[in-house]
Structure formats: structure tokens, C-alpha cells
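Shown next, in C-alpha cells, is the structure this report addresses.
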Amino acid sequence: MATALFVTRNDVVRFTTMNGNVDTDKFIQYIKIAQDIHIQNYLGSKLYEKIEGYVSAGTLGNHADYLALVTDHLKPMLCHWAMVEYLPFAAYTIANKGVFKHSSENAQSKYPEYYTNNNEDVYPDKDSNFAGWVL
């Protein structure tokens, strides 16, 4: 059975802050992961499988109540859960020569002394700096 995604690439771009230039191949698998983990968790197996069957068959439009559920609730929810799954890996590319982390030229520190304190030096307080995403 083919994978039936409840959202399209355009839905993800429209409902989230993802740039339209991001290659679909870089994030499409995270939609499936988010759908299987989070959406199925909220729907339960039976309702999830029912909707998945309608999407696979292309008949979701024939079932107004299920279509409304997907359009009004599941699509926005799934787009954001897909971003939750994608963001930790967005900066990385796996290629023939290894794993690469993308960064811009101005993302590196202009002040290397910030990181070179040792022994009895006073270390900068890094706890007040940005420590990650909170969703």
C-alpha cells in the first residue's frame, strides 16, 4: 500500500515558516513520521486508518465530515508536527563524503576569546543565551 500523506508540500509551506525554496526531498519523510506518531496518537488506529484509506483511494472529498476533520484540524496540526520532527535535522546533509552541518560565514564567532577561558578565568554566563527551541 502506498503512503498516504494527509498534507502536501504546499500545505507545509503555507501553514509554517518553512521557506518555499526548501527541497521537498529534505523534509517529506518528516511528514510521514509526524503523521504516524502524532496524528495517529490523537486519532487512534481505527479513525487514522479510515482517513488514510480515503486519502489513498482519492475519495476523501466524498466524505464531508472526514474531509472537514482533515482540512480544518489535521492539516494545520500535521504541518507543525512535521516541523517539530524536521527542525533538529534541517541543518544537516548526508552525502557520499559524510555528514555535513550547514552554516553561514557570519554564523561563526568573531570573538574567539569568548571560548578560550581556562583555569581561574571567569567564564561567560552562557545560560542566559538562546538554548534551543521551545514548542
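Computed from a prediction, not measured in an experiment: that's the story for all the values here. Note that these values count all heavy atoms, side chains included, but never hydrogens, waters or copies made by symmetry.
How far OG1 of T16 is from CG of L87: 8.5 Å, rounded to the nearest 0.5 Å. How far NE2 of H80 is from OG1 of T17: 8.5 Å, rounded to the nearest 0.5 Å. Distance check, rounded to the nearest 0.5 Å: CG of D121 to CG of N118 gives 5.0 Å. Atom OH of Y54 and atom CG of L67 lie 12.0 Å apart (nearest 0.5 Å). Atom CD1 of I33 sits about 11.0 Å away from atom CD1 of I28, to the nearest 0.5 Å. Atom CG of residue L5 and atom CD of residue E52 lie 9.0 Å apart, to the nearest 0.5 angstrom.
Applying the ring-ring contact (aromatic ring centres under 6.0 Å, His included) test to F15 and every residue at least two apart in sequence or in another chain returns nothing. Taking K101 as the reference, A91, Y92 meet the side-chain contact (heavy atoms from CB on, under 4.5 Å) condition, with sequence neighbours excluded.
Between I39 and I51 there is no side-chain heavy-atom pair separated by less than 4.5 Å. E85 places none of its side-chain heavy atoms less than 4.5 Å from the side chain of F27. Annotation: side chain of M83 is not in contact with side chain of Y30 (no heavy-atom distance under 4.5 Å). Side chains of L78 and D11 form no contact here, defined as non-hydrogen atoms less than 4.5 Å apart. Inter-residue side-chain proximity for V22 and Y86 is flagged as met; some heavy-atom pair is nearer than 4.5 Å.
Although no hydrogens or angles enter the test, the distance criterion places no donor-acceptor pair under 3.5 Å between the side chain of R9 and the main chain of D23. The closest donor-acceptor contact from the side chain of Q40 to the backbone of D36 lies under 3.5 Å. Looking at Q35, its side chain does come within 3.5 Å of a backbone N or O of A4 through a donor-acceptor pair. Judged by distance alone, with hydrogens and angles left aside, the side-chain atoms of T116 form a donor-acceptor pair with the main-chain N or O of E113 at under 3.5 Å.
Relative ring orientation between H38 and W81 is described as parallel, the plane-to-plane angle staying below 30° on a 0-90° scale split at 30° and 60°.
M77 and V7 fall within a single hydrophobic cluster, where Ile, Leu, Val, Met, Phe, Trp and Tyr side chains are chained together by heavy-atom contacts under 4.5 Å.
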